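Notes follow the structure.
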Amino acid sequence: MESNEDVAAIRRLVADAEAHQNDLDPFLALHTADTAIVNIAGRRVAGRDALAEAMKAALESPLADVITRTEVADIRFVGPDVAIVASMKRVFDGRDPKVREDPRAALPSASGWLTYVVVKEEDGAWRIASAQTTPIRA
C-alpha cells in the first residue's frame with residue numbers, strides 16, 4: 001500500500017508546512033480546499049479560506065514571532081491515498097518578553113503532538129486535509 005516515494009513526499013509535505021509557517025500562499029497551497037485545522041490553543045478553522053483569514057491575522061500580530069519545529073514520529077497509511085502522520089511539535093516563543101509575560105498571551109504549551117491526515121489528490125500531490133495539535137502539559 002505504501003511506497004518509498006509516498007513516504008518521502010509526505011515527509012516533504014510536513015517539512016514544507018514547517019518551512020512556510022509564516023509564508024501565507026505557499027502554506028495554504030499545502031492544504032486541501034476543505035482542510036480543517038485545530039491549533040495548539042484549541043482554535044478550529046474549517047476550509048482553506050478560513051485558514052487564510054486566521055493565518056493572515058496571526059501573521060499581523062505578535063504570533064508571527066512564535067515558531068514551531070516538527071519531527072515526524074510515525075506515518076500510517078489507511079488507504080492508498082490517505083495517511084495519518086504523528087509528529088512532535090515544539091513551540092519557540094520569540095515574542096517580546098513584555099508580551100510573553102502577559103497571562104492573557106500565554107501559550108498553552110511548549111510542545112504538543114501534531115496529527116495530520118494527509119491525502120493524495122488527483123494531481124498526485126499530497127496535501128493536508130486535517131491537522132490537530134494536542135498540547136503536552138508538563
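In this text the structure is predicted, and so the values were computed from the model without any measurement.
- By the 4.5 Å heavy-atom criterion applied to side chains, V14 and R12 are not counted as neighbours.
- Between R44 and A36, the shortest heavy-atom distance links the atoms NH2-CB, 3.6 Å.
- Of all heavy-atom pairs between A129 and V119, the closest is CB-CG1, 4.1 Å.
- Note that CH2 of W126 is 6.0 Å distant from CG of D81, once rounded to the nearest 0.5 Å.
- Looking at heavy atoms from C-beta onward, F77 lies in side-chain contact with I10 at the 4.5 angstrom threshold.
- In terms of heavy-atom proximity, N22 sits nearest to A64 at ND2-O, 2.9 Å.
- Between the CZ atom of F27 and the CG atom of L59 there is a distance of 9.5 Å, given to the nearest 0.5 Å.
- Contact detail for A58 and L63: the closest heavy-atom pair is O-CB, 3.7 Å.
- Side chain to side chain, Q21 and T68 meet the donor-acceptor criterion of an N or O pair below 3.5 Å.
- Between T133 and V38, every side-chain heavy-atom pair lies at or beyond the 4.5 Å cut-off.
- R69 contributes atom CZ, which lies 11.5 Å from atom NZ of K89 (distance to the nearest 0.5 angstrom).
- Shown here is E71, whose CD atom has no more than 12 heavy atoms of other residues, nucleotides or ligands within 6.0 Å.
- Atoms CG and CZ, on D74 and R76 in that order, are 4.0 Å from each other to the nearest 0.5 Å.
- By the 6.0 Å contact criterion, CG on N4 is open, its count of non-hydrogen atoms from other residues, nucleotides or ligands being 12 or less.
- The distance from atom CZ of R48 to atom OG1 of T35, rounded to the nearest 0.5 Å, is 8.0 Å.
- Both V7 and I128 belong to a single network of hydrophobic side chains, linked directly or stepwise wherever heavy atoms of I, L, V, M, F, W or Y lie under 4.5 Å apart.
- Two residues are said to be in side-chain contact when any heavy atoms from C-beta on lie closer than 4.5 Å; L13 and Y116 fail this criterion.
- V118 is not listed as a side-chain neighbour of V82, based on a closest heavy-atom distance of 4.5 Å or more.
- For R127 against A29, the heavy-atom pair with the smallest separation is NE-O, 3.1 Å.
- The distance from atom CD1 of I37 to atom CZ of R43, rounded to the nearest 0.5 Å, is 12.0 Å.
- For the pair V66/F92, no side-chain contact is recorded, criterion being any heavy-atom separation below 4.5 Å from C-beta on.
- Contact annotation: the side chain of M88 approaches that of S111 to within less than 4.5 Å [non-hydrogen atoms, C-beta and beyond].
- Between T70 and L114, the closest side-chain pair of non-hydrogen atoms falls below 4.5 Å.
- Listed here is the closest heavy atom pair of A52 and L28: CB-CD1, 3.5 Å.
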Next on the checklist: Under the criterion side-chain contact (heavy atoms from CB on, under 4.5 Å), I'd like the reasoning laid out for T115 against V85: C-alpha separation, chi angles, the key distance, then a yes or no.
Outcome noted: CA-CA 6 Å; T115 304; V85 182; over 6 Å; no

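- For D23 (side chain) and P26 (main-chain N/O), no donor-acceptor pair under 3.5 Å exists by modelled atom type.
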